[in-house]
Amino acid sequence: NAGVTQTPKFRILKIGQSMTLQCAQDMNHNYMYWYRQDPGMGLKLIYYSVGAGITDKGEVPNGYNVSRSTTEDFPLRLELAAPSQTSVYFCASSYSRHLGSGNTIYFGEGSWLTVV
Amino acid sequence: KQEVTQIPAALSVPEGENLVLNCSFTDSAIYNLQWFRQDPGKGLTSLLLIQSSQREQTSGRLNASLDKSSGRSTLYIAASQPGDSATYLCAVLVANAGGTSYGKLTFGQGTILTVHP
């Protein structure tokens, strides 16, 4: 059972380039999330999905796009990368939105992205 | 808008000490509150979760309390060990008007804990 898997682990982008961060979970979870974490800060929600074909914006969605064509995968697309997008990106998943006992949120190990 | 603040930002203690990490939130309409541990280069692991109707939760040497009316939570670590060194994050799950949640966590900035031998 791999849990939540993110790729790549590290990436350096030039300003204006585009890329996709991949996220996959094998727990048959309905809910998936993308967070970013800037140095010394907490995590902020970028986008989330409540099931295949359904996505919605979080707190900081500008400059990103997502899709959810399958239950397992939730890729995050960065268009026209900017230095402000230098951050650590975490993907997470849960069975339902009512996080609690028996319904834990699981995080991937993160993707370190630097835009230069 | 919900805001979560953690104090202190960093803490360094000798092994064996009991310690307290603090978390405060501005909106008491929460569904629950979680404490996470984050190791360098790794993701987050949930340590303790307190539902809004609960006062505290315990797991081993960890005890978390919740005072929803004052917007505060504390994480108490007893007899600290070097293996406890990590960043500890507090996060609240905001409740919606129906009393359930949207599943979106609001995080504090974390407390970096170092326990030295």
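Sequence lines set the chain letters: A, B, ... in the order given, protein chains first and strands last, and positions in each chain run from 1. Quick caveat: nothing in here was measured; it's all calculated off a predicted structure.
- Hydrophobic clustering (ILVMFWY, side-chain heavy atoms < 4.5 Å, transitive): A:Phe74 and A:Ile46 are in one cluster.
- Residue A:Gln37 touches chain B through its side chain alone, counting heavy-atom pairs closer than 4.5 Å.
- Heavy atoms of A:Tyr35 lying under 4.5 Å from chain B belong exclusively to its side chain.
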Output, in order, the C-alpha distance, side-chain angles, deciding distance and verdict of side-chain contact (heavy atoms from CB on, under 4.5 Å) for A:Tyr31 and B:Lys104.
CA-CA 10 Å; A:Tyr31 280 69; B:Lys104 293 181 281 187; over 6 Å; no

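- With a 4.5 Å cut-off on non-hydrogen atoms, B:Gln38 touches chain A through its side chain but not through its backbone.
- No continuous path of ILVMFWY side-chain contacts below 4.5 Å connects A:Leu45 to A:Tyr64, so the two sit in separate hydrophobic clusters.
- Transitive grouping of hydrophobic side chains (ILVMFWY, heavy atoms separated by less than 4.5 Å) brings B:Val13 and B:Leu21 into a common cluster.
- Ion pairing between B:Lys1 and A:Glu59 holds under the 4.0 Å rule for side-chain N and carboxylate O.
- Connection of A:Val60 to A:Trp34 is established within a shared hydrophobic cluster, with ILVMFWY side chains joined at heavy-atom distances below 4.5 Å, either directly or through further cluster members.
- Here B:Leu93 contributes atom CG and A:Ile105 contributes atom CD1; the two are 8.5 Å apart, rounded to the nearest 0.5 Å.
- Atom-to-atom distance recorded for B:Lys42:NZ and A:Glu109:CD is 4.0 Å, nearest 0.5 angstrom.
- Looking at B:Thr106 and A:Leu43, their side chains never come closer than 4.5 Å, going by heavy atoms from C-beta outward.
- Within a 6.0 Å sphere centred on CZ of A:Arg77, heavy atoms belonging to other residues, nucleotides or ligands number more than 12.
- B:Pro117 meets the side chain to side chain contact (heavy atoms under 4.5 Å, CB included) test with B:Glu15, B:Pro82; sequence neighbours excluded.
- Residue B:Ile50 is not grouped with residue B:Tyr76 when hydrophobic side chains (ILVMFWY) are merged at heavy-atom distances under 4.5 angstrom, including chains of intermediate members.
- Chain B forms the most heavy-atom pairs under 4.5 Å with one residue out of A:Ala92, A:Gly40, A:Gly42, and that residue is A:Gly42.
- Heavy atoms from other residues, nucleotides or ligands lying under 6.0 Å from CD1 of A:Ile15 number more than 12.
- Checking side-chain atoms of A:Lys9 against main-chain N and O of B:Gly41 turns up a donor-acceptor pair under 3.5 Å.
- Looking at B:Leu44, the atoms closer than 4.5 Å to chain A (heavy atoms on both sides) sit in the backbone and in the side chain alike.
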